[in-house]
Undergrad: 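Handing you a structure now.
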Amino acid sequence: MLFDLQASGRRRIIKVVYVFLALLIGGGLVLFGVGGSGFGLLNADQNAGSGSATGDSYQAQALSLEKKALDPKAKASASATANSWAEAAKLRFQAGAAGADTQSGAYSESSLKEFKLADQDWQQYLKTVPGQPDPILPTR
């Protein structure tokens, strides 16, 4: 008989339970984005900001792969060099895509520069691959 509001103290318990449930549901909606677009205040996946930190990470990884592919001392196999160029192209493309304006869909100057660098890396990949290139870039 939880809902017997005539008993002493039950009215206060019901109010406390309902307030707790309201806070729990409201917190889930606002803080974690439950039931909506997934955007919440504490949702780390969606709150990366403008994407510049992610783009910088892609740029740093692509730069290290380019250096690895160009290093004459490395004596890497042709397939390892080709994979480095392909990965660098993919990372440069992702860095350029991370700089897109989500509202207008326009790319910034730095994004366009990254796309040009991705094209250069892809051309290097095509030079190192004998025959037909793999249509699916290798992944780590």
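All values derive from a computational prediction rather than experimental measurement.
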Undergrad: Could you check whether any side-chain heavy atom of Arg11 comes within less than 4.5 Å of a side-chain heavy atom of Lys15, counting everything from C-beta outward?
TA: yes
Undergrad: How long is the gap from OG1 on Thr128 to CG on Asn83, to the nearest 0.5 Å?
TA: 8.5 Å
Undergrad: Going through the checks in order, is the side chain to side chain contact (heavy atoms under 4.5 Å, CB included) test met by Leu63 and Arg92?
TA: CA-CA 9 Å; Leu63 188 58; Arg92 291 286 186 184; 4.2 Å; yes
Undergrad: Measure the shortest side-chain to side-chain distance between Trp85 and Glu66 over non-hydrogen atoms and say whether it is less than 4.5 angstrom.
TA: yes
Undergrad: CG of Asp119 to CD of Glu114: how many Å apart, nearest 0.5 Å?
TA: 12.5 Å
Undergrad: With a 4.5 Å heavy-atom cut-off, do Lys90 and Glu87 have their side chains touching?
TA: yes
Undergrad: Are Ile14 and Leu21 linked, directly or through other ILVMFWY residues, by side chains that come within less than 4.5 angstrom of each other?
TA: yes
Undergrad: First locate atom OG of Ser84, then atom CD of Gln124, and finally report the distance between them rounded to the nearest 0.5 Å.
TA: 12.0 Å
Undergrad: For Ser111 and Gly96, work out which heavy atoms get closest and say how close.
TA: OG-O, 2.9 Å
Undergrad: Can Leu24 be reached from Val16 by stepping across I, L, V, M, F, W or Y side chains whose heavy atoms are under 4.5 Å apart?
TA: no
Undergrad: Measuring from atom CD1 of Ile25 to atom CZ of Phe20, what distance do you get when rounded to the nearest 0.5 angstrom?
TA: 10.0 Å
Undergrad: So Phe93 and Phe115, would you call those rings parallel, tilted or perpendicular, with 30° and 60° as cut-offs?
TA: tilted
